[in-house]
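As a basis for the values below, the full set of heavy atoms in this structure was taken, side chains included, without hydrogen atoms, waters or symmetry mates.
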Amino acid sequence: MSYQDFDIENDSGNNTFDLKKLIGKYLRYWPWFLITLILSIGLGYLYMRYAPITYQSVAKIELLHDTEKMDISSEALAVLGQASSFNLENEIEVLRSYRILRQVVETLNLDISYFVMGQVKTTEIWNPPFAVTKIIAEDSLTSTKSYEIFFEGTQVQIQDESERNYNASLITPDTSGVDKGLPFEVSLRPDTDLSNFPGKHFRVVLTPEKQAVLNLARKLKVEPIDEDSEILALSIRGQSVERSEAILNELINKFNQDGIKDRQLVSKRTLDFIDERFLSLSQELDSIEVGKEDFKRTNDLSYLDSDVDFSLQRRAVAQDEVTQLETQVSLADLLKKAVTAQSSYGLLPVDVGLENSGLNSMVAEYNQMALEREELLTNVGESHPTLIAISNQLQNAKVNIMKTLNIYQTQLKLSLRQLTREKNRANTMFSRLPEKEKMLRSIERQQDIKENLFILLLQKREEAALSYAVTAPSIKVVDYALTDTEPLSPKKRIVYPMSFMIGLFVPFIVLYLHFTINGKIQDRTDLVRLSPEVPILAEIPTFKKSRKVINAADRSVLAESFRIATTNLDTLLSARDGANGRGAGGASGSSGADGAGNAADAGNAGDAGDAARGKCVLVTSSVKGEGKTTTALNMAQAYASMHHKVLLVGADLRNRELMNYFKPDSFSFGLSEYLSESRVKWEDVIAGGFDNLDYLKVCFGGKMPPNPTQLLSGKGFARFIQRAVSEFDIVILDSPPFPLGGRSAPVG
């Protein structure tokens, strides 16, 4: 039979989401939220207090490629191969190259790190009050070594990783520790007051130079600020702001100096070559001038006749061409000597005045490859395939230059012979000119050649000197290293909110899992959801620490809850009596002293008929220990307090829990004796009630029989119930547990 129509507080079927109820469900455990929140924020504070503080330093540089506007000699820059655009990735690799970073490490002594030791936290510093100087060969340090340094006045105590101790003086350098195995010396920095460092504890870490360079390369980050920009951002992270900024600024300086050095290299080689040629050319000019002076003195010559210019005009044109060709022949011969005399793969003089553009281009290409080979040689070995390939290309280029020079000289000589024949034909026309004038002209011609060559070399020397002197930077510093005042980690605006969220999230997850995997019935909504057809009489509060039994004068929440339950039960049973025309049956639930659920069944005992005026209520549970005995006793107390004649029967013959609430020695017989022994009368098993209530009578279970199931299912128990309901208004049976098909009993 469905009892849904008789639900006192008919709220079954209400499946709508109740946010307020959900929040209240979790707020019941607010102390756990508060404790976890305090612990989480406390851990966040400890993390902020003792975690290493890391800062990020950033510098920005702009790569300059429009160098022709900045440099005086555009030709010298063209020899260096500098164009109007370049590859940013190449420049980034140069910045991160081992060669550049090694210079930074050597300049700043980055292979030595300093730390201040605290009770919990260790902090890296840049300028300690003392300086450590390595006194061993670099290749002898193969692994990282750590040393602890303790201040003791003007003395320091040094402890290595093996806990061996050394003493050193900060005022007078002491090398005794060095003789014992220390790889460094300790000295006091200038303007340092030792009184500010009493009992200070430092740590010094020595790192192999190669490892220090590799560590720096891993920490350094170089990237353009955006895709279309030629500005590079250099960043590094570290605990010491001064150390990070010093590294970035020194890296910028080394990179700039490296670019300037490359640009000056060709100019320096050109200057050296021209200076060597000046010496021999000056001697040749002096010899020609002395010969001319001797010739004029010997032949008594001073000025040529003015008419000679008109008569020799035709010859002069040919002579000029001859002079030009002879100049080219001389320049080609000079270049040929320079190529022949050059050792290894050095640079050749460029643009010495030859009018052969192809030959000048070949010399410029040769110099460019020579520069690439020299730069590559600093990073790789001589047996490197790329270096060998460049060397072969240089050798082939030198051979091509020599062949081109030979062909060019052959062409010049052929042209010179033709002009000479034409000049000789012109000379036959002027055979009347004095032989002395001819010889003088020859001397002057040689003098002009040498002077033109001297002036040309002097001009090229000035150009090379200007290019070498003007040290235009290869980069523009947009921002030197700057460090944000807010550390990169840990950040308060992240740590504390995260701590707050974790403090709330952890107990929420734990409670959520608890609510999810918990199979017990927690409140009436669970009961309504599982068994909507079971009417709910009342909700009984739970007392976990001790059992709670009410009395007639009790006005507590527990007592009022049981009185409400009995009133609702009467209403339910009366409704059933009207619907069935006979005794009623129903169900109620409560939570007992141990917080478990119980079920009660009420109705006529057997087939008592309409004449029976009493009602029988069965109080049971699914398993032992859910508080059904306490519930039965409290319901009996509630009925008795309302002047109902109540009989409380201990029908659980295996577990006589009801006797724990009374004095067991005062009663000789119980239900088991009444059902099994004919000599035991009704009056022998009905005892006085609890708390001196005249309306409450109790029938204990008696001694545990060997066959309690047979006794309770026999006719004797049916007659017992018939008589009980005939004499009492309410009969409450404290029955054994009845499993309910694997689900919990209803709870009120």
Side-chain angles (χ1 to χ4, degrees), residues 50-57 101-136 138 141 143-171 173-175 177-178 181-220 236-251 481 483 487-488:
Y50 296 108
I53 301 177
T54 303
Y55 295 89
Q56 183 174 21
S57 301
L101 295 182
R102 182 179 180 181
Q103 297 177 21
V104 176
V105 170
E106 291 177 347
T107 303
L108 299 179
N109 295 323
L110 298 181
D111 52 347
I112 303 176
S113 302
Y114 303 92
F115 299 87
V116 174
M117 307 296 294
Q119 296 294 331
V120 178
K121 183 177 179 180
T122 299
T123 305
E124 185 177 12
I125 59 175
W126 177 235
N127 290 318
F130 59 91
V132 170
T133 305
K134 286 185 178 179
I135 57 174
I136 59 173
E138 182 58 38
L141 185 62
S143 62
T144 301
K145 295 185 180 297
S146 176
Y147 297 87
E148 308 290 332
I149 296 181
F150 302 88
F151 274 78
E152 297 177 357
T154 60
Q155 300 288 325
V156 292
Q157 182 180 1
I158 305 173
Q159 185 180 82
D160 60 12
E161 295 175 340
S162 301
E163 296 186 355
R164 290 178 297 183
N165 295 323
Y166 308 89
N167 293 321
S169 175
L170 293 175
I171 305 301
D174 185 8
T175 60
V178 176
L182 279 179
F184 58 86
E185 290 181 347
V186 181
S187 60
L188 188 66
R189 292 186 184 273
D191 301 329
T192 300
D193 188 3
L194 290 178
S195 61
N196 296 330
F197 304 94
K200 278 287 186 179
H201 181 194
F202 295 90
R203 174 182 293 169
V204 175
V205 178
L206 303 184
T207 307
E209 186 179 87
K210 181 178 180 180
Q211 185 63 39
V213 176
L214 296 178
N215 292 340
L216 178 59
R218 283 192 292 267
K219 294 181 180 179
L220 180 65
I236 190 172
R237 299 179 180 182
Q239 299 182 31
S240 175
V241 174
E242 296 82 0
R243 186 176 188 271
S244 299
E245 292 180 351
I247 290 174
L248 293 180
N249 292 335
E250 186 62 26
L251 177 60
T483 304
L488 187 65

Counting neighbours of NZ on K134 that are heavy atoms of other residues, nucleotides or ligands and sit closer than 6.0 Å, is the number greater than 12?
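Count over threshold, so yes.
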Can you tell me if E161 has over 12 outside heavy atoms packed within less than 6.0 Å of its CD?
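Yes, because the 6.0 Å sphere around CD of E161 holds more than 12 heavy atoms from other groups.
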Closest non-hydrogen atom pair, [X] against [Y]:
| X | Y | value |
| --- | --- | --- |
| I158 | I149 | CG1-CG1, 4.2 Å |
| S244 | R237 | OG-C, 4.3 Å |
| Y55 | T483 | CB-CG2, 3.6 Å |
| W126 | Y114 | O-CD1, 4.2 Å |
| L110 | A212 | O-CB, 4.2 Å |
| E209 | D111 | CA-CB, 4.5 Å |

[Y] side chain reached by [X] side chain, heavy atoms, under 4.5 Å:
| X | Y | value |
| --- | --- | --- |
| T123 | I53 | no |
| L251 | L220 | yes |
| E124 | P52 | no |
| I125 | F115 | no |
| L206 | I112 | yes |
| I236 | L216 | yes |

What's the separation between atom [atom1] in [X] and atom [atom2] in [Y], rounded to the nearest 0.5 Å?
| X | Y | atom1 | atom2 | value |
| --- | --- | --- | --- | --- |
| L488 | Q56 | CG | CD | 5.5 Å |
| R243 | S57 | CZ | OG | 11.0 Å |
| L108 | N249 | CG | CG | 9.5 Å |
| K210 | L141 | NZ | CG | 13.5 Å |

Determine whether the aromatic ring centres of residues F184 and Y147 are separated by less than 6.0 angstrom.
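Aromatic pair counts; centres sit under 6.0 Å.
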